[in-house]
Every structure is written in C-alpha cells, then in structure tokens.
Amino acid sequence: MSQRAALLIGKLAHAQNEWQQCSQIASKLHEYPDGNREDFISKCKNGEFDGIYALYRSNDSNPITGDFNEELLSVLPKSLKYLCHNGAGYNNIDVAACTKRGISVSSTPIAVNDATADVAIWLMLGALRNIKQSYMAVNSGNWRGKFALGHDPENKTLGILGMGGIGAAVAHRAKAFGMKIQYHNRHQLPGSEENGATYVSFDELLKTSDVLSLNLALNPSTKHIIGKEQFSAMKDGVVIVNTARGALIDEAALVEALKSGKVWTCGLDVFEEEPKIHPGLLECENAVLLPHVGTATYETQRDMEVLVLDNLKSAIKSDKLLTQVPEQKKDKTNL
Ligand SMILES: O=CC(=O)O
C-alpha cells in the first residue's frame, strides 16, 4: 500500500477497535484527540500531519478545530483527499470549498434515521399532549398543575419538509398514529418511494399541515426557510417539530408566533445558537425542548462511528466513499 496515512480528530466512544484495525491498511494512524483551532492549524503548518490521505472528524469534534472552512482547508496537508465526517448534518463543512480543493466528503445518513425519527415523534406527541405543563407540575409536587387538554395525532395532517431518510422514518412512524402524511421536496419522489405520502408545494404544505416537521439539511439556501412570512401562511394552532437544525427556523419569529397563538406549541431538539436557547422558548409553558439528542443512543452512536470508519477504510483501500455527500454526487439530492 502506498503512503496513505489517516488522522482521527476528537475521540471515539464506541469504535476504538475498528480504528485500530485501520492500521492494517493505512501507512500510519495519527490522532488529535483534543486541542484548539490555533494549535491544530500550527501543527498542520509544521507538517505534523503530512501524508494523511483521509481523516475522521465529527460534529462533536467541531469545537476543537472549528468549522472546516476555506481557512482550515488551506492549511490541511496537500495529501488529504477524503474527509469522513461523523454526523448526518455537515453545515460546519464548506463542501463547495472541499470540492474545489479535490477533497471528497462523506457523512452519516441512514445510521441516524431511526433514532432521530423516534425523537421527532416523541416531540410531536409531547407537544400535542401538552406534556411540558404536566411534567413540570407533577415533578414540582403540584400534581396536574395548570392542566390543559391536548390533541390526538389521529386524522391530523403531518407535513414533512424534507422527505429524505429521516423524513421517511418519521412518516412511517406517524402513519401508525393514523396521521395523513404530505411532504415537500424540491422534486417529487418516485411513487415507489412515497409510501402513500402526498407531494405538495411548499405553500400548500404550510397552508394545510396541522403538524409541520422539519427534516431537511441546513445550508445557505435553507437558512430561515421558516420565518415570519411562512408562519403567517400556516394554519392557526399549527404544531412545529424540528429535529434537523435550529437555523432552519427564525427563532425570534417562532417565539412571536407562539406568543400570538398562531403556533400552538412546538417540539424542538435543535436551536439557532446552541447551546443558547431563545428565552422566549424557555418561558413558553408548553414548548417541548431537548438539548440536541436526536441520535444519542448507544446503538446509533456506534453505528455512526463504524460508518465513518468504513468510509475511511474504503477511501484508503479503493478511493471510494460509501456515503458521499449528495452535493458531490452526480445525482444530487432534491432536498
Ligand atoms: O445532529 C446530528 C447529526 O448531524 O448527526
């Protein structure tokens, strides 16, 4: 095997053995478990990582290096050809700049679908049933507190914005609750992949959904895709669920819509400026909030780490990524 070294940025919680096995195919294994952007950049400039062909990074290691933007890409060793990312979302990687620099990028779709969809359903049911009020009341010794009735999911229309892997897993689960499913993507899916969901325009989705679930990627064109104007187009009393990325929604506009009653309630796992949460959401007595834990199960975390390492091994061995990001593939995503 030619000189093809690998670099692990951050730590692995579940797949240490699989990483060590990479030494059978990589010429050398480098590790950068902790540090900061300045230090990482200086090590790159000093040639410490010269010869690396593929690297492992993650949303969790992003605080160590900061975003993989043009600045960082310009100091990475010229030998680097593959960036194997742990995370379904990769808005902290400038994919266009990677493409220009000849670096192929992979992410972890599929592995995240079920766990994230479980959380979306949990948030939806929690929001529909006013769970926050009951939960807070009983845990503070006030039994039901200021009790209010909730809503059944049955016969409600669930609108899915972004029918990719996670959106489809949400739809599959929601059907079991008797919901009608409609969705919007930039392009309609082939009938065989719709599984009974109805394709509607973006405007129709906003106008006719009782619950709106966001399941699309964050990029410059989807930032604040839901804001003041979109909230005003929605049904009165709509429920918003977001397990994708906080910045898809203009959070200040959401708080206004909650205050006015336009949005009845919401279930959010993601926020615009994590870990900061808009005070208006914390004050909202029926907004169900989670601290970005969509994929936080042993099984899913392990599957994600293993998938990243499978990509890395495949890149080193045969110059192929298993789950390359859609922007770099010919058959681009329609989300
Ligand atoms: O948010 C989680 C992920 O991007 O995998």
What pairs of residues pass the ring pair (Phe, Tyr, Trp, His ring centres under 6.0 Å) test when at least one of them lies in residues 70-96, not counting sequence neighbours? Tyr53-Tyr82
Looking only at the side chains, is there a donor atom on one of Gln328 and Ser104 sitting less than 3.5 Å from an acceptor on the other? no
Donor-acceptor pair, Ser58 side chain versus Ser61 backbone, under 3.5 Å? yes
With sequence neighbours left out, write down each residue that passes ring pair (Phe, Tyr, Trp, His ring centres under 6.0 Å) with Phe177, or none if nothing qualifies. none
Modelled atom types, side-chain donor and acceptor of Arg57 and Asn86, under 3.5 Å: no
Cluster link Val255 to Val238, ILVMFWY, side chain under 4.5 Å: yes
Check each of Val241, Ile249, Thr222 against Leu214 using the side-chain contact (heavy atoms from CB on, under 4.5 Å) test, and report the only one that passes. Ile249
State, without any angle test, whether Asn286 and Arg129 hold a side-chain donor-acceptor pair at a distance under 3.5 Å. no
Taking the six-membered ring for Trp, are Phe49 and Tyr32 parallel (under 30°), tilted (30 to 60°) or perpendicular (over 60°)? perpendicular
Partner residues of Thr323 under the side-chain hydrogen bond (donor to acceptor under 3.5 Å, both in side chains) criterion, sequence neighbours left out: Asn311
Give the C-alpha distance, both sets of side-chain angles, the deciding distance and a yes or no for side-chain hydrogen bond (donor to acceptor under 3.5 Å, both in side chains) between Glu272 and His224. CA-CA 10 Å; Glu272 246 194 290; His224 285 189; 2.8 Å; yes
Looking at residues at least two apart in the chain, or sitting in another chain, which of them share a side-chain contact (heavy atoms from CB on, under 4.5 Å) with Ala169? Asn113, Asp114, Ala117, Arg173
Applying salt bridge (Lys or Arg N to Asp or Glu O under 4.0 Å) as the test, list every pair that has at least one member in residues 198-225; sequence neighbours left out. Asp210-Lys235
Within the distance-only criterion (no hydrogens, no angle test), does the side chain of Glu274 pair as donor or acceptor with the backbone N or O of Phe271 below 3.5 angstrom? yes
Taking His30 for the side chain and Leu7 for the main chain, is one N or O donor matched with an acceptor at less than 3.5 Å? no
More than 12 heavy atoms of other residues, nucleotides or ligands under 6.0 Å from CD of Gln16: is that the case? yes
Regarding Glu305 and Trp19, do their side chains bring together a donor and an acceptor under 3.5 Å, going by distance alone? no
Just by distance, do the side chain of Tyr183 and the backbone of Gly164 share a donor-acceptor pair under 3.5 Å? no
From CA spacing to verdict: side chain to side chain contact (heavy atoms under 4.5 Å, CB included), Met234, Ile226: CA-CA 10 Å; Met234 292 181 196; Ile226 303 295; 3.7 Å; yes
Side-chain (Ser209) to main-chain (Leu205) donor-acceptor, under 3.5 angstrom: yes
Ring pair (Phe, Tyr, Trp, His ring centres under 6.0 Å): which pairs involve residues 100-147, sequence neighbours left out? none
Any donor and acceptor pair, going by atom type alone, linking the side chain of Lys175 with main-chain N or O of Asn195 inside 3.5 Å? yes
Tell me whether Val308 is reachable from Leu83 by hopping between hydrophobic residues (I, L, V, M, F, W, Y) whose side-chain heavy atoms are closer than 4.5 Å. no
Would you tell me whether Thr99 and Glu327 have side-chain atoms, one donor and one acceptor, within less than 3.5 Å of each other? no
Say whether, by atom type as modelled, one donor and one acceptor occur between the side chain of Ser314 and the main chain of Lys320 under 3.5 angstrom. yes
Run Leu254 and Asp250 through side chain to side chain contact (heavy atoms under 4.5 Å, CB included) and show every step you take. CA-CA 6 Å; Leu254 173 60; Asp250 176 345; over 6 Å; no
Donor-acceptor side-chain pairing of Asn242 and Asp269 below 3.5 angstrom: no
